[in-house]
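Notes for the one structure printed next.
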Amino acid sequence: MKRTLLAATAVLALAGPLLAYAAPDEAQRQMMQRSVEARSKLEAAQSVQGTQRDKLLQEHMALMQQMMTQMTSARPGPNATAPQMREWIDEHMKLMDDMMKQMMQGERMMMGSHGQMMGPTGGQMKKQ
């Protein structure tokens, strides 16, 4: 019985630090939650038209702007080991990628709702 307890304690002691850096930190969890909230606004905007759509798109873009401000100042913990820092960077890059996709989708929706879309060279052209 003592051996089993000792073995379980040793496993937890050794696995604890590994589990700690495998998960996103608290700031990243909050950013993920905000990203989900922003995505829901974007999806809601896809299902409506007119001023309601514009309002939802503006709210989405405001959330994206707040998130971008937070993301540019986010840093890994001061005592992060190399593997912890790598994990933090990976999570940060996933969040940035998700944000960029959402912003691009929101921009396309805004351009489409105003009768414009991007041309092949990046300039605007009228919808036909």
Side-chain angles (χ1 to χ4, degrees):
M1 180 73 155
K2 284 185 178 182
R3 242 182 190 178
T4 306
L5 181 60
L6 184 60
T9 304
V11 167
L12 287 175
L14 293 172
L18 295 175
L19 295 174
Y21 81 81
D25 66 13
E26 183 60 30
Q28 286 176 324
R29 280 191 290 276
Q30 289 175 357
M31 294 299 292
M32 288 174 184
Q33 186 176 355
R34 276 200 166 151
S35 180
V36 168
E37 180 185 340
R39 183 170 300 286
S40 69
K41 286 196 183 293
L42 190 59
E43 289 169 356
Q46 289 175 329
S47 63
V48 295
Q49 295 294 321
T51 58
Q52 182 65 21
R53 181 181 192 153
D54 290 342
K55 180 181 177 247
L56 287 168
L57 287 172
Q58 287 173 356
E59 290 173 7
H60 175 262
M61 286 300 169
L63 273 172
M64 290 284 102
Q65 186 64 40
Q66 291 170 6
M67 289 173 64
M68 190 61 74
T69 300
Q70 289 176 337
M71 291 293 281
T72 56
S73 63
R75 302 286 181 268
N79 299 325
T81 63
Q84 289 171 329
M85 191 170 291
R86 183 73 231 160
E87 182 70 24
W88 187 93
I89 290 169
D90 289 344
E91 289 298 323
H92 189 78
M93 295 302 291
K94 287 178 194 174
L95 282 166
M96 291 296 288
D97 186 53
D98 182 54
M99 287 176 58
M100 290 303 295
K101 287 176 183 174
Q102 284 190 47
M103 288 192 296
M104 296 284 288
Q105 187 176 4
E107 284 293 322
R108 276 190 235 109
M109 289 175 65
M110 286 174 58
M111 298 302 281
S113 69
H114 295 292
Q116 299 174 344
M117 58 185 200
M118 298 302 282
T121 59
Q124 293 181 357
M125 58 185 229
K126 288 286 183 191
K127 202 183 225 182
Q128 294 180 348

Please check if the side chain of Q28 supplies one atom and the backbone of D25 the other of a donor-acceptor pair under 3.5 Å. yes
Would you mind reporting whether M31 and E91 have side-chain heavy atoms less than 4.5 Å apart? no
With a 4.5 Å limit on heavy-atom distance, are the side chains of L57 and M61 in contact? no
Can you sort out the partners of R34 under side-chain contact (heavy atoms from CB on, under 4.5 Å), two or more places apart, ordered by chain and number? Q66, M67, Q70
For the atom pair CE (M68) and CG (L63), what is the distance rounded to the nearest 0.5 Å? 12.5 Å
Between R53 and A45, which heavy-atom pair has the shortest distance, and what is it? CG-O, 3.4 Å
Just checking, any donor-acceptor pair under 3.5 angstrom between side chains of Q102 and D98? yes
Count I, L, V, M, F, W, Y as connected when their side-chain heavy atoms are under 4.5 Å apart, and connections chain through other members. Are L95 and M103 then in the same cluster? yes
Start with the C-alpha distance between K41 and E37, add both sets of side-chain angles, then the distance that settles salt bridge (Lys or Arg N to Asp or Glu O under 4.0 Å), and finish with yes or no. CA-CA 7 Å; K41 286 196 183 293; E37 180 185 340; 5.1 Å; no
Would you say that more than 12 heavy atoms from the other residues, nucleotides or ligands in this model lie under 6.0 Å from the CD of Q33, or not? no
Salt bridge check: are K94 and D90 linked by an N-O gap of less than 4.0 Å? no
State yes or no: do M96 and M32 share one hydrophobic cluster built from I, L, V, M, F, W and Y residues joined by side-chain heavy-atom distances below 4.5 Å, directly or via other members? yes
With sequence neighbours excluded, residues passing side-chain contact (heavy atoms from CB on, under 4.5 Å) with A44: L56
Step by step, would you call M93 with I89 a side-chain contact (heavy atoms from CB on, under 4.5 Å)? CA-CA 6 Å; M93 295 302 291; I89 290 169; 4.2 Å; yes
Are H60 and M109 side-chain neighbours, meaning at least one heavy-atom pair lies under 4.5 Å? no
